[in-house]
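Just so you know, residue 1 is the first one in the sequence shown, and it goes up from there. Just follow the structure's listing: the first ligand is 1, and inside any ligand the first atom is 1.
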Amino acid sequence: MSLILLLLSSLLVNAAHLPKPRAADCQPLYITFADSFLPRELVPISHSDSYDVSDGGLHMYLERPGGDVRTKDGVNDKVADGATFNSTFAFLYGKVTYELIAPTIPGVVTAAILIADEGDEMDIELLGSDPSHFQSNIFAPKPNDRGPLYGVFSSVDDIPDGTTKTVHSYSIDWNAERIIWSVDGKDIRTLRKDQTMYHGVQHFPSSHPTRIQLGIWDASSPAGTAAWAHGPIDWKNVPRRMEAVVKSVKLECT
Ligand SMILES: *[C@@H]1O[C@H](CO)[C@@H](O)[C@H](O)[C@H]1NC(C)=O
């Protein structure tokens, strides 16, 4: 046996004794905002550091951009930079519940998502123009996709009591077989792995640990985004600063 083969086989034998790489463990967690500082499990990741922890909530602000904002052809020439947060940890499979108050102003989007470095994503998006519905979506990019599949797995569903209540809890319950979105404890949408075939390839977020990401953003440009959000934001007639409030974030390991 050559030296190289010997070395290789001893490497293989050693490898067999190493512990297998483990999926990121899910650690149960319940974040509330009773103190006036940001819990260590969340970090701001936007350029804008406009947020505030007060009155039992994380207030994520979206502020009018400086100078004049001109609207032309359905888009604004300036887009505001809203507050966005990542969790400091990632996990593979679990149930996340976000308790949120989203602003009801057209062109503003509040997002509570799960996102992996590899691009896998599970979304809840609340459009300020449509407070009685929530949008859900997933992404699991595959090498042969020609771009992000924005419209393939998206859905718009009713928020029960959407127009009478302002605080709602939204859950994304994710395991290897399916994702269940629920609102205020009611299951609203289930997407099974076998329903995510597209061009012969399954597009189900799996194997990549995801982070929790929360944010408020200005959907005033480009045109397609503004049209989707029923924007652009009409800054002349809305408060100079808008906010989405996160009351709690819970992670259950199912
Ligand atoms: C936020 O989390 C995503 C998903 O893990 C990661 O790709 C991204 O780099 C993070 N952003 C920052 C600024 O850390």
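In this structure, ligand 1 sits under 4.0 Å from heavy atoms belonging to Ile45, Asn86, Ile115, Ala116, Asp117, Arg211, Gln213.
Although no hydrogens or angles enter the test, the distance criterion places a donor-acceptor pair under 3.5 Å between the side chain of Trp174 and the main chain of Pro205. Side chain of Trp181 to main chain of Asp123: a donor-acceptor pair is present (N/O by atom type, distance under 3.5 Å, no hydrogens or angles).
Look at Lys186 and Asp184 and you find no salt bridge, because none of the NZ, NE, NH1 or NH2 atoms lies under 4.0 Å from a carboxylate O. Looking at Lys78 and Asp218, no side-chain N of the basic residue comes within less than 4.0 Å of a carboxylate O on the acidic one, giving no salt bridge.
The distance from atom CZ of Phe91 to atom OG1 of Thr210, rounded to the nearest 0.5 Å, is 4.0 Å. Between atom CD1 of residue Ile115 and atom CD of residue Gln213 there is a gap of 5.0 Å, rounded to the nearest 0.5 Å.
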